[in-house]
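Worksheet: the structure to be examined is printed underneath.
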Amino acid sequence: MTMIDRRQALAGGAALLAAGATPALAAPADTLNAAAASRGRRFGSAFAFGTAGADRGSFANPAYAALLRRDCSLLVPENEMKWQAIRPAPDRFDFSRFDPMVDWAVANGFALRGHTLLWAYSRWFPAWLNNYDYGARPASEGARVLSSHIDTVTRRYGRKITSYDVVNEAVDPDTGNLRVTSLSTAMGGTEAVLDHAFRTARAAAPHAELVYNDYMSWEDGNEKHRAGVLKLLEGFRRRGVPVDTLGVQSHIGLFAPSPDAGALARRLEPEWRRFLDAVVAMGYRLIVTEFDVRDKGLPAAIAPRDKGVADFARAYLDIMLSYPQLHDVLAWGMSDRYSWLRTFEPRTDAVINRGCPYDDRFAPKPLYGAMVGALANARELRII
Ligand code: 9MR
């Protein structure tokens with residue numbers, strides 16, 4: 001930690017207290033980023049746009065900014081760099097929400113990841129792109145629409161963004177096949193789209209780490225998804241496509257009653273390691289890009305729920321951090337208050353999911369301690 005980082009961390013703590021939140025853990029040395037840094041890694045989080053005074057997971061919310069300053073050295077926009085946010089029409093870009101996030105991150109000394117240059121799933125395309133008329137020469141028009149996007153974003157932010165999720169979620173988890181979109185139909189197949197995205201990104205942002213990001217996970221039921229991702233990664237290597245890293249989103253979950261989360265983790269470990277081993281054997285690096293824990297299978301009572309979440313997370317992160325090829329670890333939000341799980345996957349009993357390091361009132365939970373422990377005990381990083 002530099003002096004400036006330390007000052008910021010302390011200032012962050014003061015802001016947290018000023019905002020009336022529960023006093024959080026201890027000294028900056030015990031923070032998530034400090035634990036990560038002790039083993040040569042970085043810890044980070046998703047964050048959002050917001051206006052001053054808005055109750056959001058935003059840099060403009062002092063209580064949330066305090067958590068970012070205390071625990072993170074790396075940030076990623078949760079939504080504001082997606083096509084739906086920045087490309088309202090084929091010939092128009094709108095950076096009015098993302099620019100202030102980048103400015104704030106840079107001014108406050110954070111590194112930045114870009115998410116995502118292409119979410120290769122029509123559900124998350126802007127409507128205009130799903131309905132786009134690619135004209136008489138669809139392959140070249142598809143390539144042009146995609147390159148113009150990647151060129152515009154990467155050139156605008158230059159070296160301020162050091163790592164991109166170039167492609168997000170191209171594999172259908174139910175079949176393991178690549179998803180079909182208007183772009184893939186125009187360009188003669190999904191592989192052509194993905195290869196073009198990575199090649200364009202490498203040419204436009206040669207300094208940046210290029211990541212394929214997906215949510216194939218270690219729980220039962222992800223077998224086809226994992227196989228599909230391995231096949232895709234093999235294809236990238238065969239075709240010489242410039243992909244550096246697999247982004248392992250890591251929205252891990254306890255979906256059924258799991259009185260012994262540690263035992264469940266031990267059962268899942270061998271198959272999960274086979275997957276990760278295959279990925280690193282192909283020369284890919286790893287990043288945990290969107291870590292959180294879904295706790296639907298656990299009882300509402302807080303003590304056993306927090307213990308189950310913490311035990312499951314610790315076992316998972318210990319495995320991930322045993323890989324010297326794994327560098328950054330990012331949470332998909334620091335506080336349960338703003339987690340996507342609240343709206344996307346509400347629990348049937350309507351209590352708030354407790355899968356982020358801080359609860360909905362900004363108090364650290366056992367999960368926080370589990371994450372610090374895993375980061376502090378990580379295998380030394382080896383950059384490849
Ligand atoms: O957390 C994000 C949520 O606020 C958005 O509404 C949603 C759709 O844009 O995306 C969520 O983030 C997803 C991420 O971009 C890709 N991996 C899965 C994340 C959780 O759904």
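In what follows, every heavy atom counts, from backbone to side chain, and hydrogens, waters and symmetry copies are set aside.
With values rounded to the nearest 0.5 angstrom, F236 atom CZ is found 5.0 Å from L194 atom CG.
W119 has its ring centre no less than 6.0 Å from the ring centre of F125. Remark: aromatic rings of W332 and Y338 are distant, center separation not under 6.0 Å. Remark: aromatic rings of W104 and F110 are close, center separation under 6.0 Å. Between F291 and H251, the distance from one ring center to the other does not fall under 6.0 angstrom. A centroid separation of 6.0 Å or more is found between the aromatic rings of Y164 and H115.
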Verdict with reasoning, E141 to Y132, per side chain to side chain donor-acceptor pair (under 3.5 Å)
CA-CA 10 Å; E141 179 59 6; Y132 192 66; 2.6 Å; yes

Please assess S217 against N222 for the test side chain to side chain donor-acceptor pair (under 3.5 Å), listing each intermediate value before the final yes or no.
CA-CA 6 Å; S217 194; N222 282 269; 5.0 Å; no

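The minimum heavy-atom distance between M334 and Y64, with the atom names listed, is N-OH, 3.1 Å.
A 6.0 Å sphere centred on NZ of K307 holds no more than 12 heavy atoms belonging to other residues, nucleotides or ligands. Residue-environment remark: CZ (R239) exceeds the threshold of 12 foreign heavy atoms within 6.0 Å.
With H225 as reference, V171 is the one residue of D174, V171, T175 to meet the side chain to side chain contact (heavy atoms under 4.5 Å, CB included) rule.
One side chain, S96 or D94, offers a donor N or O that lies under 3.5 Å from an acceptor on the other. Residues R361 and S335 have side chains that never bring a donor and an acceptor to within less than 3.5 angstrom of each other. For the residue pair D172/Y121, the side-chain donor-acceptor check at 3.5 Å is not satisfied.
Panel note: side chain E209, backbone D244; no donor-acceptor pair is recorded below 3.5 Å. In terms of modelled atom types and a separation under 3.5 Å, the side chain of T200 and the main chain of I150 share no donor-acceptor contact.
In this structure, D295 pairs ionically with R347, as a charged nitrogen and a carboxylate oxygen lie closer than 4.0 Å.
With a 4.5 Å cut-off between side-chain heavy atoms of Ile, Leu, Val, Met, Phe, Trp and Tyr, the cluster of I302 takes in none.
For K365, the side chain to side chain contact (heavy atoms under 4.5 Å, CB included) test picks out D306, D336, R354, D359, with sequence neighbours left out.
Taking the six-membered ring where tryptophan is involved, the planes of W128 and W83 are tilted, since the angle between them lies from 30° to 60°.
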